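Here's the structure, in structure tokens; my notes come after.
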Amino acid sequence: MKNNLFTYTLRIADDSLILGQRLSEWCGHGPIIEEDIALTNIALDLIGQATSLLEYAAVAENKGRSADDLAFLRFENQYFNTQLVEQKNGDFAVTIVRQWIFDTFRLPFYEALQHSSDKQLAAIAEKSLKETKYHWKHSSEWIIRMGDGTEESNKRVNDALILLWKFSDELFYMDDVDKELISQGIAVDLETLRPAFNERIHYVLQQATLQLPDSKWKLSGGRQGRHTEHFGHLIAEMQYMQRAYPNMEW
Amino acid sequence: MKEQNLADLEAAFNEKLKQDIRIEPKDWMPDAYRKTLIRQISQHAHSEIVGMLPEGNWITRAPNLRRKAVLLAKVQDEAGHGQYLYSAMETLGFSREQSIDDMHTGKAKYSSIFNYPTLTWADMGAVGWLVDGAAIMNQVPLCRTSYGPYARAMVRICKEESFHQRQGYEIMCTLMKGSEDQKAMAQDALNRFWWPALMMFGPSDAESTHTQQSIDWKIKRHTNDELRQMFVDASVPQAQLIGLTIPDPDLKWNEERGHYDFGEIDWEEFKQVVSGNGPCNAERIAARVKAKEEGMWVREAAMAYAEKKKAKKAS
Ligand SMILES: [Fe+2]
Ligand SMILES: [Fe+2]
Ligand SMILES: [Fe+2]
């Protein structure tokens, strides 16, 4: 039997979880101490959001699995995050562009999800929105600094855009799960977010003296559990303790 | 006249020390006092930053969501400590960049403990419990150190360090309540970190070159050996309480002294690790140098952008 609320919550949770995991790889290696602090802080917020969402997904599933079971004990093709968030950190420009595309989507998404008829999702969205506003400000400022900084930074941020923009469209992916929950006032109709998303993207790019890549080609698959090649390594590292020492308290 | 002036300044400085009035950045201070503080504060700041690496090593492998979040928060705190301490150091007229370069070339030191590897999850327990625990022993007295900005930074830092210490000990408690594998993991971590933690207090008083002068200046309030004894006395009962064995056959309670007696530290190992030959010295420095080099273009971009903004405003 399909459980739409479970799947829907899990998709949102997995985006936060996997991006939080990726960002935490930066810890101790940032370009300046202030960025070490900022990236860690964002990772911490995302892990916190993932925890709330996975706890709720576990309740929605009602099969006795915990948030930790969901986070650490699924197979690769049972994670439903978008491919964007699993992309490798690369250099600082890649990390920031990945974050910025995601934040620019998450901002209107949480704004809308606050009004969900599902009280729990609405509450999580309200809390997460405050965090996301800060994340978006942080990533947007860096896009502008890099774009309008030096020749090298402009090239790096531009290369990162070319690398990652093709993953942006998957953030708007919807299927029957969404459609049924939209009709109940639970889910957000992602199509309605496009104008706000596009406006914010162009607003920042213009200040950064940057442009979107020409190619209209888009990649997707994460929402169906199809991931990119390095995702398995991310999961292997994240799950190591739970796989090596099953059923223990930590 | 000039000599008289200097004598007056020195007398005023000593009078302040005597009355426990804080020395502030704009106050006159002897050169050697300033140098000692720069050395000590920068060493402390570098330790916070390098200390992010051994714990950062386990964030991506933390066993559950709660532990992952707590560890992220801890490592973030350490970065914040580095930041306050570099700021305190800069009030003495020495730049953060210069000081970081000195660490990269080996001219400036950081705590030798961070040259040991973190091999299992239990090391996150041992590091929090013992390393942050030893840091607290060293640092609580520094909240009353004679240099104002340093003392104020320490007040803020000590609150967080004691939180870290409790979290680390709590990891150990959880492991000791767990399976045989978990208990063995905890004991193994203690075995590896106990002696390096004792070394964190530095050379013995007989060998220490800086201690007496630092105590006279009220930079330090206790000698290395006094602090080490306080740490042993505090940690042994904590180990016993949860069933861990301190890896020291000579450890025993001395009724007469009211303290634990403990075995001799391997000073040759200490010397080697401090002078660059520990298990991870090269890796730690390489990681910091890499972060600096790969971050160069980012810092240049931020500066270039700030310059452009300023120029636009002016025109
Ligand atoms: Fe610290
Ligand atoms: Fe410290
Ligand atoms: Fe700490």
Side-chain angles (χ1 to χ4, degrees), chain A residues 17 20-41 43-44 47-48 50-51 54-55 66-68 70-72 91-93 96 141-142 144-157 234 237-242 244-245 247-250, chain B residues 45 48-73 75-80 82-83 86 96 100 120-121 171 174-175 177-179 181-182 185 287-288 290-292 294-309:
Chain A
L17 176 68
Q21 174 75 7
R22 271 289 183 233
L23 280 178
S24 67
E25 292 170 16
W26 270 101
C27 205
H29 306 277
I32 41 172
I33 302 175
E34 287 69 16
E35 279 313 297
D36 250 322
I37 295 174
L39 294 176
T40 310
N41 196 37
L44 197 53
I47 297 297
T51 304
L54 289 171
E55 280 167 356
S66 67
D68 282 322
L70 290 172
F72 295 97
D91 64 4
F92 187 71
I96 293 293
E141 283 171 358
W142 272 111
I144 295 167
R145 269 186 217 116
M146 290 190 289
D148 194 19
T150 62
E151 208 174 300
E152 180 178 9
S153 67
N154 179 280
K155 182 182 181 315
R156 283 180 185 259
V157 70
L234 178 147
E237 190 172 335
M238 188 170 79
Q239 296 187 342
Y240 163 66
M241 290 295 291
Q242 290 287 347
Y245 304 90
N247 302 315
M248 290 184 192
E249 294 293 320
W250 298 98
Chain B
E48 301 286 354
I49 298 302
V50 177
M52 294 170 74
L53 298 169
E55 289 184 286
N57 183 36
W58 278 90
I59 292 173
T60 55
R61 290 178 291 171
N64 61 36
L65 291 163
R66 181 172 78 92
R67 293 294 184 198
K68 194 186 287 290
V70 168
L71 189 57
L72 267 167
V75 180
Q76 188 192 21
D77 285 347
E78 307 301 4
Q83 211 182 16
Y86 283 125
R96 175 164 132 176
I100 289 172
T120 71
W121 171 252
I171 290 177
T174 308
L175 293 174
K177 278 185 254 166
S179 70
D181 283 340
Q182 285 174 303
M185 192 191 278
R288 292 310 308 160
K290 184 165 178 269
K292 189 190 168 196
E294 290 181 355
M296 192 81 82
W297 70 268
V298 180
R299 296 189 297 275
E300 282 168 3
M303 274 190 304
Y305 178 74
E307 285 298 316
K308 282 186 202 175
K309 268 237 141 149

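The structure presented is a predicted model; accordingly, all values stated were derived computationally and were not measured. Chain letters run A, B, ... following the sequence lines, proteins first and then strands; every chain starts at 1.
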**Complete:** Residue from B/W297, B/Y86, B/Y305, B/W121 scoring the most non-hydrogen pairs under 4.5 Å with chain A is B/W297
**Fill in**
Looking only at B/N64, B/N57, B/D77, B/V50, most heavy-atom pairs under 4.5 Å shared with chain A are made by B/N64
**Request:** First locate atom CE of A/M248, then atom CG of B/L175, and finally report the distance between them rounded to the nearest 0.5 Å.
**Result:** 10.5 Å
**Prompt:** Checking heavy atoms, do the side chain of B/Q182, its backbone, both or neither come under 4.5 Å from chain A?
**Reply:** side chain
**Message:** Can you tell me which of A/I33, A/L54, A/I144 forms the most heavy-atom pairs within a distance under 4.5 Å of chain B?
**Reply:** A/I33
**Message:** Under 4.5 Å from any heavy atom of chain A, what part of B/I100 do you find: side chain, backbone, both or neither?
**Reply:** neither
**Fill in**
Value for CH2 (A/W250) from CD1 (B/I171), rounded to nearest 0.5 Å, stands at 10.5 Å
**Prompt:** Ion pair present between A/R22 and A/E25, side-chain N to carboxylate O less than 4.0 angstrom?
**Reply:** yes
**Which atoms of B/D181 approach chain A - backbone, side chain, both or neither, heavy atom under 4.5 Å** = side chain
**Item:** Contacting moiety of A/L39, where chain B heavy atoms sit under 4.5 Å
**Value:** neither
**Gap separating the OG1 atom of A/T51 from the CG atom of A/L70, nearest 0.5 angstrom** = 11.5 Å
**Request:** Would you mind telling me which of B/L72, B/L65, B/V75 has the largest number of heavy-atom pairs within less than 4.5 Å of chain A?
**Result:** B/L65
**Fill in**
Closest heavy-atom pair, A/S24 versus B/T60, reported as atoms and distance to 0.1 Å, is OG-CG2, 3.8 Å
**Partner chain A: residue of B/G295, B/P63, B/G56 with the largest heavy-atom pair count (under 4.5 Å)** = B/P63
**Item:** Under 4.5 Å from a heavy atom of chain B, the part of A/A50 involved
**Value:** neither
**Options A/I37, A/T150, A/N154, A/I47, ranked by heavy-atom pairs under 4.5 Å with chain B, top entry** = A/I37
**Message:** Taking side chain as everything from C-beta outward and backbone as N, CA, C, O, which of these in B/R67 sits under 4.5 Å from a heavy atom of chain A? Side chain, backbone, both or neither.
**Reply:** side chain
**N/O donor-acceptor pair under 3.5 Å between A/Q239 side chain and A/F72 backbone** = yes
**Prompt:** Does A/K155 pair with A/E151 as a salt bridge, N-O distance under 4.0 Å?
**Reply:** no
**Item:** Residue A/E237 versus chain B: region with a heavy atom under 4.5 Å
**Value:** both
**Request:** Side chain from CB out, backbone as N, CA, C, O: work out which of these in B/L53 comes under 4.5 Å of a heavy atom of chain A, or both, or neither.
**Result:** side chain
**Best-contacting candidate, B/M52, B/K308, B/R288, against chain A by heavy atom pairs under 4.5 angstrom** = B/K308
**Request:** Could you look at A/D148 and say if it's the side chain, the backbone, both or neither that has a heavy atom under 4.5 Å from chain B?
**Result:** both
**Message:** Just verifying a value: how many Å separate B/L71 CG and A/T40 OG1, rounded to the nearest 0.5 Å?
**Reply:** 10.5 Å
**Message:** If I measure from the heavy atoms of chain B, does A/A43 come under 4.5 Å with its side chain, its backbone, both, or neither?
**Reply:** both
**Contacting moiety of B/A306, where chain A heavy atoms sit under 4.5 Å** = neither
**Asked** Should the pair A/F92 and A/W26 be assigned to parallel (<30°), tilted (30 to 60°) or perpendicular (>60°) ring geometry?
**Response** perpendicular
**Main-chain N/O of A/C27 paired to A/D36 side chain as donor or acceptor, under 3.5 Å** = no
**Prompt:** In terms of heavy-atom proximity below 4.5 Å to chain A, should B/S179 be classed as side chain, backbone, both, or neither?
**Reply:** side chain
**Complete:** Closest non-hydrogen contact found for B/K68 with B/I59 is NZ-O, 3.1 Å
**Asked** Would you say the side-chain atoms of B/E294 pair up with the backbone N or O of A/P31, donor to acceptor, closer than 3.5 Å?
**Response** no
**Asked** Heavy-atom distance under 4.5 Å to chain A: side chain of B/K292, backbone, both or neither?
**Response** neither
**Prompt:** Quick one: what part of A/L234 sits under 4.5 Å from any heavy atom of chain B, side chain, backbone, both or neither?
**Reply:** neither
**Prompt:** Which residue out of B/R299, B/E55, B/E300, B/K309 racks up the most heavy-atom pairs below 4.5 Å with chain A?
**Reply:** B/R299
**Request:** Flag yes if more than 12 heavy atoms outside A/E34 fall under 6.0 Å of its CD atom; otherwise flag no.
**Result:** yes
